[in-house]
Each structure stands twice: as C-alpha cells, then as structure tokens.
Amino acid sequence: MKKVQSTCNYCAIDCNLDFYVENNRVVKTVPTKGYPVNDGFCCIKGLSLDKQQTTVKPNSLPKIRQADGSFQEVDWETGFQYVADKLKELQAKYGTESIAGISTGQLTLEEFAIFGHVMRNYLKANVDGNTRLCMATAVVAHKQSYGFDAPGFTLKDLELSDTIIFIGANPVVAHPILWGRVRQNKVPNHKIIVIDPRESETAMNADYWYGLKWRSDLLLLYTIANQLIEKDYLDHKFIKEHTEKFEEFKQFVKDYTLERAVSGTGLSKEQILELVELIHNGKRVSFWWTMGVNQGYEAVRTAQAIINLALMTGNIGKPGTGANSITGQCNAMGSRCFSNTTVLFGGGDFTNNVRRKRVAEVLGVDESMLAEKPTKTYNQIIEGINAGEIKGLWILCTNPRHSWTNNETFASAAKKLELFVVQDIYDTIESAEDCTVFFPVVPGLKKEGTYINLERRLSAMRPVLKRGENEISDYEAVLGVGKALGMGDTLKGWETPKDCFNLMKECSRNMPCDFTGVTWEGLEGSHGIQWPYPEGKEAENKEEQRRLYEDGQFFTPSKKAQFIFEDVRENPLPTTEQFPYVLNTGRGSVGQWHTQSRTKEVKFVEDVSVKKAYLYMNTKLAEENNIKEMDEIRVYSINGQNAVFAVKVTNHVQYQELYAPIHYMECNKLTPSIYDSYSKEPSYKATPVRFEKE
Ligand SMILES: Nc1nc2c(c(=O)[nH]1)N[C@H]1C(S)=C(S)[C@@H](COP(=O)(O)OP(=O)(O)OC[C@H]3O[C@@H](n4cnc5c(=O)[nH]c(N)nc54)[C@H](O)[C@@H]3O)O[C@H]1N2
Ligand SMILES: Nc1nc2c(c(=O)[nH]1)N[C@H]1C(S)=C(S)[C@@H](COP(=O)(O)OP(=O)(O)OC[C@H]3O[C@@H](n4cnc5c(=O)[nH]c(N)nc54)[C@H](O)[C@@H]3O)O[C@H]1N2
Ligand code: SF4
Ligand SMILES: [Mo]
C-alpha cells in the first residue's frame with residue numbers, strides 16, 4: 001500500500017491528509033498526525049475527498065457547442081486551438097477587453113498563476129476571482145492598515161488567547177478544525193465571545209453572544225473604541241511607537257455615544273459596556289472575523305474598525321492576540337499574491353516600476369508584457385457582459401450561476417456570450433448549462449501544486465491517483481491554450497507546475513510573502529511552511545508556528561499601522577414597509593460546500609441534507625403566519641425576484657430575520673447588486689424581503 005500526503009482543497013485550513021492507495025484506488029484516508037494545522041483530525045469533507053475517484057467522470061474530452069445547440073466532443077489539441085482562436089477573434093472584432101476570466105481561490109497557486117499569465121499578461125484581459133465574493137474586503141483592509149495584505153496570526157494563537165472574539169464568523173460550521181483549536185485552549189477562564197445577529201452554532205457554544213442588529217457592527221465597534229478611550233483602556237506605548245492617525249481617530253469616535261449605539265445595534269447599554277470590560281480585562285485578546293464582516297456595504301471600514309481595536313489595545317503581534325481575518329477557500333491566500341489579478345506576481349501594484357522590472361526579469365519577458373492595471377472587478381465584468389461589451393468569458397473552478405449575487409444577472413449574461421468556456425471537474429454544474437465550451441479537468445486527487453492556508457502556510461498537493469488517458473489538469477489546460485495562442489517564448493519556464501512554483505518563488509523574493517527558502521521537494525510530506533521564509537534565513541524561521549508583527553513593524557512606508565475610519569453610512573438598502581424582513585445568508589452545515597457540486601456526491605452528507613432550498617424563521621413570526629416546520633413560503637426580494645423555500649422554525653434567528661443556507665440556487669436569486677465601495681465585495685447578508693405562504 002502506497003501512502004501519499006496531500007492537502008484538502010476545500011476550506012482555508014488546508015488540513016493535510018495521508019491517502020493510502022492500492023491498485024490506483026484510495027482505500028483509506030487518515031488526517032496527517034503531527035501536521036501543525038490539523039494534527040490527526042479533519043472534517044467530513046476532507047475525509048470524503050476519495051469519493052471523487054468515482055464521481056468525477058474519468059477520461060473525459062472537451063466539448064464544443066454546435067450551431068444546433070448540441071455538443072461535440074473533440075480531442076484536447078482541437079479544444080485548445082478552438083478557444084485560442086476564438087479569444088483572438090473576439091479581441092480583433094470587439095477590442096482587447098472584450099474577453100474576461102473568472103478565476104478562483106480553490107485551485108493551486110501554479111494554476112491561477114498561469115491563468116493570470118496567459119489571460120492578463122499576454123491577452124491583457126480582465127480576470128477577477130471568486131475571492132472577490134469572499135476575501136476582497138480583508139485584502140483592502142490589510143493593505144490600507146498594514147501596508148500589505150499580510151494577515152499576521154498563526155492558528156496557535158487560538159490556543160493562547162484568553163479572550164477570543166468572533167465577529168460575523170461561524171467556525172463551528174465553516175472551519176471546524178479552527179474551532180477544534182479553540183477547544184484546545186487551556187488558558188484558565190478564557191472567554192469565547194460571538195458577535196452575530198443570529199445565534200449561530202458558534203454563538204450557542206460561546207460564553208457570550210451579542211445578537212446585534214444586522215449591519216450595525218461598525219456603529220458598535222466605533223462605540224467600543226470611544227469607550228476604551230474614555231476609560232483610558234489603551235496601550236499608549238504601542239499606539240505611539242507603532243501606529244499613525246490615532247489622535248484623529250480619537251476625535252472622530254467621540255460622536256459614537258452609547259445612546260446612539262443602543263438605538264442602532266439593538267444591544268443594551270449594559271451589554272456594550274460588558275463587552276468593553278471583557279476587552280479591557282483580557283491580557284491576550286484576539287479578534288476573528290469572516291463573512292459577516294466582509295460581505296457588507298461598509299465592509300472594509302468594519303474590518304478596519306476591528307483592526308483599530310487591536311491596535312489601540314496593543315493586541316497585535318503577541319501570542320494569542322490579533323485582528324485576524326479568517327480566510328474561506330483553500331487557496332484564497334495564494335490567489336491574493338499570485339493570481340496576477342489585483343497585484344503583480346508576489347505583490348506590488350501594476351504601476352510600481354521597481355516591481356515591474358523585477359517580475360519581468362524573473363519571467364524573462366519584456367516589461368511591457370505585464371498587465372498594466374488591476375482587473376475590472378467581478379461586478380464590472382458581469383455588467384460588461386450584460387451591456388454587450390464583453391463577449392468572451394472563461395471561468396475555472398467556480399460556479400457563478402449559483403454563487404454570484406443577484407444570480408439571475410449571471411444567467412442573462414451567460415446567454416449573451418459568444419464564447420463561454422467552463423472548466424470544471426463536473427459538467428453538471430449550473431454554470432455549464434449555457435457554456436459554449438466545456439473543459440473537463442481532473443480533481444485534486446490527481447494533480448500537484450501548492451496551497452497557502454489562512455495563516456500563510458504553504459503546503460503541497462501531490463497526486464494520489466494516476467491519471468487515465470486524456471485526463472489533464474487545470475494547469476495543462478491553461479498551458480495548452482497558451483501554446484495554441486502562440487505565446488512561444490513567453491511560456492518558457494512554465495512547462496510544469498514545479499517550473500511555475502520556482503518562478504513565483506523568485507517573484508516573491510524580498511517581498512513580505514517571500515518564500516524563496518521553500519523548495520518543491522522540501523514541501524512534500526512536510527509540516528508546511530509559513531511565509532515569510534526567505535532563502536538564507538531558514539534557521540531564524542525554524543519555529544513551526546510563526547506570527548507577523550512581533551517587532552511592531554508593519555509594511556507601510558513609515559512601518560507604522562494606520563488607524564483608518566469613516567462615518568457609518570445609511571444602509572443603502574433598508575427594510576421598507578413592503579419588504580420588512582431581512583434575508584441573512586451563509587453556510588448551512590459542515591458537510592455542505594458552497595454550490596454543492598462536490599459535496600452532493602458524498603452519500604453520507606447527501607443522505608442527511610435537506611434536498612430543497614430552505615430557510616430558518618423565528619418561532620414567533622412563524623406562529624403569527626400560521627407556518628409550520630417544512631411548510632413552503634414564497635419569498636419576494638427587493639431585487640424584484642422571488643423563490644420558494646421550506647421553513648425550519650427556530651429561536652436562533654431574530655424575529656425580523658430569515659436565514660438561508662447558500663447551498664441552494666434560490667438563495668442568490670434574492671440577493672442584491674450592492675457592494676462595498678472599496679473592495680466591491682457583494683453585500684450578501686442583509687436583503688430586505690417579504691414572504692407569503694405557498
Ligand atoms: N461547511 C462549509 N464550510 C465552509 C464553506 C462552505 O461552503 N461549507 N465555505 C468556506 C468559505 S469560502 C468561507 S468564505 C467561509 C465562511 O465562513 P463564515 O463567514 O464563518 O460563514 P457564513 O455562514 O458565511 O457567515 C458567518 C456568520 O455571519 C453572520 N452575519 C450575517 N450578517 C451579519 C452582520 O451584520 N454582522 C455580524 N457580526 N455577523 C453577521 C451570519 O449570521 C453567520 O453566522 O467558510 C468556509 N468553510
Ligand atoms: N448569498 C451568499 N452567496 C455567497 C456567499 C454567502 O455567504 N452568501 N459566499 C460567497 C463566497 S465566500 C464564496 S467563496 C463563493 C463560492 O462560490 P463558488 O466558487 O461558485 O462555489 P463552489 O461550489 O466552491 O465552486 C467551485 C467549483 O469548482 C469545481 N471544482 C472543484 N475542484 C476543481 C478543480 O480541481 N478544477 C476545476 N476546474 N474545478 C474544480 C466545483 O465542481 C465547483 O463547480 O460563494 C459566494 N456566494
Ligand atoms: S477543515 Fe477544511 S481543510 Fe480541513 S478537512 Fe475540513 S474542509 Fe478540509
Ligand atoms: Mo469564501
């Protein structure tokens with residue numbers, strides 16, 4: 001029996017697993033013992049990865065849509081040439097930016113890097129990622145506050161913190177292994193605190209739950225800051241030595257009185273003051289946020305309001321502290337520095353001449369070949385298609401027909417495209433319905449590459465199973481199209497994922513994400529390695545769980561972190577008389593993953609999952625409307641759409657709140673086209689709705 005250690009490619013924890021293989025079949029999956037992230041444990045999704053050896057159709061060929069609407073299978077070379085010719089034809093006819101791509105945070109670093117090279121460098125097309133729906137807010141917040149998109153924590157901090165505050169995060173469901181680390185916290189009397197409108201599974205398991213009104217976090221956080229200042233619960237030394245703009249911030253938050261917060265958040269004065277004391281009394285306070293913060297109309301400022309609290313209390317760069325953004329997808333962290341969408345490979349703006357020179361040198365191309373500006377954002381791409389400006393789209397490893405906000409706008413866009421390439425492991429996904437080309441690729445079990453987890457840890461994906469005839473990976477599919485485009489020498493050094501890894505490694509040199517000390521072989525079967533890990537400094541970085549900012553030095557020109565703030569805004573989409581309820585959305589269960597293309601193949605998940613779209617409704621509201629468990633209602637959204645949901649009656653959501661898991665298409669039929677002003681991340685979590693019993 002052969003053993004292969006590889007990385008789970010669902011969530012951002014990046015658990016490592018030992019796959020035992022016999023006759024090219026996985027016979028046993030064992031979470032890797034001693035691996036610092038998940039040490040012998042993992043969740044049901046990781047344990048079920050072996051199912052893809054039977055559910056993903058083997059030996060599939062590309063398919064091209066014919067004039068009569070049917071598909072014709074072709075060999076890979078024909079598929080590559082068809083896509084390459086069509087991309088060039090569209091550009092010649094409609095202009096350079098008439099083609100676009102949507103990438104992902106779920107492929108390997110090498111795969112989205114080569115996609116970024118072919119699409120962004122060579123073709124000068126726009127390519128955004130599904131990470132826009134997820135981490136864009138944290139990226140912008142980090143860049144502005146810290147000077148680089150560098151989350152500083154290590155998972156060990158969860159075990160060392162005495163006050164753990166989750167804001168808009170539900171790790172019991174979404175990051176079970178991270179929650180496991182919380183459970184390993186041995187600090188006496190440590191406190192777990194949850195801020196979430198819904199009494200989530202995490203809130204139920206916490207010591208304190210603050211069930212604030214939806215979208216009122218920013219008001220609450222500024223009020224807490226004001227109270228901390230008034231009571232002088234501050235770390236003056238840290239503020240002075242390591243931050244900038246505190247005095248301005250201090251003046252600014254004066255307007256955020258307790259009275260104002262009580263009416264805006266729905267929390268009592270006592271609750272807010274209790275929270276202030278909890279933060280003050282903690283010696284090692286850590287703040288953790290996820291989508292409840294990232295997906296809002298003032299999300300970047302909310303994330304920065306959390307960062308401000310950590311800065312003013314000196315809770316950063318020390319064990320058990322930090323303003324910590326929890327990442328969602330397995331390689332969202334990798335895509336942030338290596339997808340060539342919003343920054344150059346390895347980081348740095350597209351206008352930064354020093355970086356351009358360096359990256360061009362590493363890639364062996366002329367500087368003029370590099371993309372010149374950040375990509376158009378996801379919403380601009382979809383709007384561009386609907387406006388008839390973008391005619392070609394290539395998506396890989398994402399399912400926007402389901403996951404995009406106000407998803408009927410994607411449906412209409414897809415029908416307008418002259419070229420719509422869908423590259424996925426399943427041709428049954430909703431997004432493939434209207435595609436003109438389908439590229440079937442192998443799942444993670446059959447490929448190699450690098451992942452970076454939420455604490456900046458690189459780990460290796462290695463082929464567990466041998467590939468059959470015609471089976472190719474995402475990397476090879478993109479490389480194939482690149483060659484068919486005639487990229488010639490500009491693809492030199494990109495022949496294999498390992499070659500690409502080495503290029504990206506060189507691009508990272510002397511950047512905050514420097515991983516020049518990591519080798520492709522060294523990562524195999526290892527404990528993973530966190531960036532930074534520069535060549536020549538391996539001994540200094542031999543500690544397996546490292547955090548950033550221990551020296552109080554940030555990545556801004558002054559090396560100081562910035563207090564960034566802005567007044568809370570009117571909700572652009574408030575409830576109205578006609579739409580008096582609020583649709584909250586998020587993860588439904590540990591076993592279900594996003595659009596369910598993968599997890600619905602797992603029998604023991606599917607057996608216990610609800611088959612149709614459902615939502616949670618408060619008991620009182622249900623009684624008032626004579627609605628019983630699993631009755632159906634039609635929900636009408638302020639976006640003009642409606643959909644039917646079965647009702648689960650619960651006291652864990654507020655009276656005005658309906659909570660719908662995202663794993664059903666109906667959910668995003670109802671979400672609006674509203675985005676954060678800075679990150680352009682969709683405001684998925686608070687849509688005004690009304691309902692009628694079916
Ligand atoms: N099983 C499973 N695990 C997953 C995923 C999955 O699909 N399935 N997806 C992965 C990905 S990509 C991501 S990004 C993460 C997401 O992980 P999380 O962000 O933890 O999950 P969500 O359920 O989207 O949202 C978290 C919480 O935000 C709350 N919330 C809503 N509105 C507000 C608000 O106004 N204020 C506050 N404070 N909270 C609010 C919701 O009630 C919810 O409990 O999960 C990852 N893990
Ligand atoms: N209302 C609402 N909507 C949301 C959210 C929310 O909280 N509320 N959360 C948002 C967030 S945080 C995220 S991250 C997005 C996720 O949205 P998506 O990215 O659209 O969701 P997934 O189901 O993860 O899609 C991944 C696709 O990749 C395919 N796949 C798996 N492995 C491979 C591979 O190796 N190669 C290729 N080419 N394909 C592969 C899968 O079959 C699947 O079709 O949803 C967003 N949508
Ligand atoms: S916790 Fe995340 S990385 Fe670990 S097995 Fe589950 S889905 Fe995979
Ligand atoms: Mo995500």
Side-chain angles (χ1 to χ4, degrees), residues 9-13 43-45 52 56 102 104-108 111 129-135 166-176 178 194-203 210 212-217 220 288-296 302 326-330 332 395-405 407 422-426 428-432 439-447 473-474 477 582-599 601 653 657 659-663 667-668 670-671 681-682 684-687:
N9 61 348
Y10 278 107
C11 91
I13 302 291
C43 84
I44 188 73
K45 297 187 290 303
Q52 283 166 21
V56 177
I102 299 178
T104 182
Q106 292 178 56
L107 286 178
T108 66
E111 286 164 342
N130 60 4
T131 42
R132 181 75 62 182
L133 321 182
C134 179
M135 297 315 298
F166 289 109
I167 309 173
N170 187 16
V172 168
V173 167
H175 297 93
L178 184 151
V194 171
I195 301 175
D196 193 314
R198 195 171 63 99
E199 192 180 8
S200 65
E201 292 78 353
T202 308
Y210 297 98
L212 79 179
K213 192 178 163 195
W214 55 96
R215 305 292 87 182
S216 68
D217 301 70
L220 174 67
W288 306 80
W289 84 83
T290 318
M291 293 306 128
V293 168
N294 281 357
Q295 296 169 339
T302 308
I326 305 173
T327 309
Q329 305 174 75
C330 47
I395 67 170
L396 62 182
C397 201
T398 184
N399 188 8
R401 173 64 187 90
H402 180 138
S403 59
W404 175 238
T405 195
N407 65 20
V422 173
Q423 181 168 316
D424 206 281
I425 55 175
Y426 298 109
T428 46
I429 60 165
E430 294 96 342
S431 300
F439 276 178
V441 284
V442 295
L445 285 176
K446 292 183 177 173
K447 61 188 187 183
S473 68
D474 289 274
V582 170
L583 183 76
N584 180 4
T585 66
R587 276 74 200 154
S589 71
V590 174
Q592 289 170 295
W593 182 256
H594 298 150
T595 71
Q596 289 208 83
S597 60
R598 288 206 271 172
T599 43
E601 309 281 357
V653 298
E657 180 190 23
Y659 180 76
I662 61 172
H663 314 296
C667 174
N668 278 322
L670 305 187
T671 47
E681 180 155 342
Y684 274 123
K685 290 212 173 335
T687 314

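Atoms within each ligand, like the ligands themselves, are counted from 1 in listed order. What you see below is based on every heavy atom in this structure, not just the backbone, and it leaves out hydrogens, waters and symmetry mates.
Using a 4.5 Å cut-off on side-chain heavy atoms (C-beta onward), V56 and V442 make no contact. For the pair N130/P400, no side-chain contact is recorded, criterion being any heavy-atom separation below 4.5 Å from C-beta on. Under the 4.5 Å side-chain criterion, counting only non-hydrogen atoms from C-beta, S597 is not in contact with T428. Using a 4.5 Å cut-off on side-chain heavy atoms (C-beta onward), C11 and H175 make contact. Proximity of R598 to Q52: side-chain heavy atoms (C-beta onward) are separated by under 4.5 Å at one or more points. Looking at heavy atoms from C-beta onward, L178 lies in side-chain contact with F166 at the 4.5 angstrom threshold. Counting heavy atoms from C-beta on, the side chains of T131 and T104 never come closer than 4.5 Å.
Near R198, the atoms of ligand 1 lying under 4.0 angstrom from a non-hydrogen atom of the residue are 42 (O), 43 (C), 44 (O). For ligand 1, the atoms lying closer than 4.0 Å to a non-hydrogen atom of P197 are 30 (N), 32 (N), 33 (C), 34 (C), 36 (N), 37 (C), 39 (N), 40 (C). For ligand 1, the atoms closer than 4.0 angstrom to any heavy atom of N170 are 20 (O), 26 (C), 44 (O). For ligand 1, the atoms closer than 4.0 angstrom to any heavy atom of V590 are 1 (N). Remark: ligand 1 atoms within the under-4.0 Å shell around heavy atoms of H175 are 15 (C), 17 (O), 45 (O), 46 (C). Annotation for ligand 1: atoms under 4.0 Å from non-hydrogen atoms of V173 are 1 (N), 3 (N). Which parts of ligand 1 touch W214 is read off a 4.0 Å heavy-atom cut-off, strictly below it: atoms 35 (O). Ligand-side atoms of ligand 1 in range of Y659: 23 (O), range being under 4.0 angstrom from any heavy atom.
Only backbone heavy atoms of S589 (N, CA, C or O) come within less than 4.0 Å of ligand 1; its side chain stays farther off.
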Stepwise, does the side chain to side chain donor-acceptor pair (under 3.5 Å) test hold for N668 with W404?
CA-CA 7 Å; N668 278 322; W404 175 238; over 6 Å; no
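For ligand 2, the protein residues within 4.0 angstrom (heavy atoms only) are Q106, L107, N130, L133, C134, M291, Q295, Q329, C397, T398, N399, S403, Q423, D424, I425, Y426, I429, V441, V442, K447, D474, T585, R587, W593, H594, T595, S597, R598, I662, C667, N668, T671, Y684, K685.
An N or O contact shorter than 3.5 Å is missing between S200 and ligand 1 by distance. Not a single N or O atom of K213, backbone or side chain, sits closer than 3.5 Å to an N or O atom of ligand 1.
Judged by distance alone, with hydrogens and angles left aside, the side-chain atoms of T202 form a donor-acceptor pair with the main-chain N or O of V172 at under 3.5 Å.
Looking at E657 and N584, their side chains do bring a donor and an acceptor atom within 3.5 Å of each other. Looking only at atom types and distance, the side chain of Q106 has a donor-acceptor partner in the side chain of W593 under 3.5 Å away.
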